[in-house]
Amino acid sequence: MAAVTASDPEGRNGIGMTSARTRERLVQRLSASGIRNEAVLERIRAVPRHLFIDEALASRAYEDSALPIGKGQTISQPYIVALMTQALIEGGRPEKVLEVGTGCGYQSAILAPLVGQLFTIERIASLQRAARQRLTSLGFGNVRFRHGDGFEGWPGQAPFNGILVAAAPGEIPSALLDQLAPGGRLVMPVGPPGQQELVRMTRTANGIEREHLCWVSFVPLVEGKG
Ligand code: SAH
């Protein structure tokens, strides 16, 4: 339960299954699974994941699993959020970052303090509104939100030093590669259900370099606004 008390009016600290101790166990698990970046682990420690999901699921907030957030969508598994964030930032702090698939905003909350400015797009209006409200009330000042289709990227703000996509298309959308700045990194799942790989694409002086990170299971990237 997200208990609200006088000293913790928004229930951020949590109690019992949502307490700091429970969160610390998740950090230990991710660290043992190969998440080495201290700044990323610190974000997992700091962000109250239980506030991003339905209260009925709060006791499961610090399990390392994906959970439903409504509209057939899920909050990503913490290990995958941490891995993608680490893959995006390990070359240095990216100034401008585009996130596709805001969902409940958990990945945005992990990422925002690790980048200069975060631009996040979600195609389902109700999820987009709820995430905007939640992140604004938690005090994130460097995030801009858009209800739109991530296949198109965010042309008015391009180029980006980093792009992170939280849903899987069959092929990497060309607009996203086009909106990658020199040295920029795109971290995303790609492929059909059952055969999705997480890749990192880097724009180098010799063109786009592709790295395989691991096999994953994401919801599909769907074309058009919902
Ligand atoms: N990062 C999110 C994960 C959300 S799941 C979190 O931490 O909760 C992926 C999200 O991508 C869903 O909310 C889905 O609606 C959204 N999505 C799917 N296709 C999209 C598209 N073309 N443009 C923008 N968002 C999209």
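This structure is a prediction, so every number in the text was calculated from the model and none was measured. Atoms within each ligand, like the ligands themselves, are counted from 1 in listed order.
At least one N or O atom of G150 sits closer than 3.5 Å to an N or O atom of ligand 1.
Within the 4.0 Å heavy-atom cutoff, E122 counts among the residues contacting ligand 1. Remark: distances from the non-hydrogen atoms of T102 to ligand 1 include one below 4.0 Å. By the 4.0 Å heavy-atom criterion, G226 is excluded from the residues contacting ligand 1. Under the 4.0 angstrom criterion for non-hydrogen atoms, G224 is not in contact with ligand 1.
In this structure, I121 CD1 and R144 CZ are separated by 11.0 Å, a value rounded to the nearest 0.5 Å.
In the vicinity of L127, heavy-atom distances shorter than 4.0 Å reach the ligand 1 atoms 13 (O). Each of the atoms 15 (O) of ligand 1 lies under 4.0 Å from some heavy atom of I124. Atoms of ligand 1 found under 4.0 Å from any heavy atom of F151 (numbered from 1 in listed order, with element): 22 (N). Those atoms of ligand 1 with a heavy atom of G103 less than 4.0 angstrom away are 4 (C), 13 (O). The distance from ligand 1 to the heavy atoms of S76 drops below 4.0 Å at these ligand atoms: 3 (C). In summary, the atoms of ligand 1 found under 4.0 Å from a heavy atom of G148, numbered by their order in the structure, are 23 (N), 24 (C). Each of the atoms 5 (S), 9 (C) of ligand 1 lies under 4.0 Å from some heavy atom of V219.
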Inset, instruction - Check step by step if side chain to side chain contact (heavy atoms under 4.5 Å, CB included) holds for M84 and L198. - result: CA-CA 8 Å; M84 291 177 83; L198 191 64; 3.8 Å; yes
Legend entry - Trace of the side chain to side chain contact (heavy atoms under 4.5 Å, CB included) decision for V165 with V187: CA-CA 6 Å; V165 184; V187 178; over 6 Å; no
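Residues Q77 and S65 bring no donor and acceptor atom of their side chains to less than 3.5 Å of each other. Checking E122 against T102 by side-chain atom types alone, no donor-acceptor pair falls below 3.5 Å.
Looking only at protein heavy atoms, the nearest one to atom 12 (C) of ligand 1 is Q73 OE1, 3.2 Å. Looking at atom 19 (N) of ligand 1, its nearest protein heavy atom turns out to be V222 N, 2.9 Å. Shortest contact from atom 7 (O) of ligand 1 to any protein heavy atom: Q107 N, 3.1 Å. If you check which protein heavy atom lies closest to atom 25 (N) of ligand 1, you get R123 N, 3.3 Å. Of the protein's non-hydrogen atoms, A166 O, 3.3 Å is the one closest to atom 9 (C) of ligand 1. Summary of contacts: the protein heavy atom closest to atom 8 (O) of ligand 1 is C104 SG, 3.1 Å.
Within the cation-pi definition used here (under 6.0 Å to the ring centroid, within 45° of the axis), R49 qualifies as a partner of Y106.
Residue Y62 is tested with E24, R21, R25, H50 for a side chain to side chain donor-acceptor pair (under 3.5 Å); the sole match is H50.
Proximity of L186 to L164: side-chain heavy atoms (C-beta onward) are nowhere separated by under 4.5 Å.
E197 is linked by a salt bridge (Lys or Arg N to Asp or Glu O under 4.0 Å) to R210, counting only residues two or more places apart in sequence or in another chain.
Between the side chain of Q179 and the backbone N or O of W154, at least one donor-acceptor pair lies under 3.5 Å. Side-chain N or O atoms of R43 include none that pairs as donor or acceptor with a backbone N or O of L111 at under 3.5 Å. Side-chain atoms of R134 come within 3.5 Å of backbone N or O of C104 as a donor-acceptor pair.
Only the backbone of T74 comes within 4.0 Å of ligand 1, counting heavy atoms alone; no side-chain atom from C-beta on gets that close. Residue contacts with ligand 1, taken as heavy atom pairs separated by less than 4.0 Å, involve L221 via backbone and side-chain atoms alike.
Closest heavy-atom approach to atom 18 (C) of ligand 1 among the candidates P220, G101, G72: P220.
With a 6.0 Å radius and a threshold of 12 heavy atoms from other residues, nucleotides or ligands, Q28 has its CD atom above the threshold.
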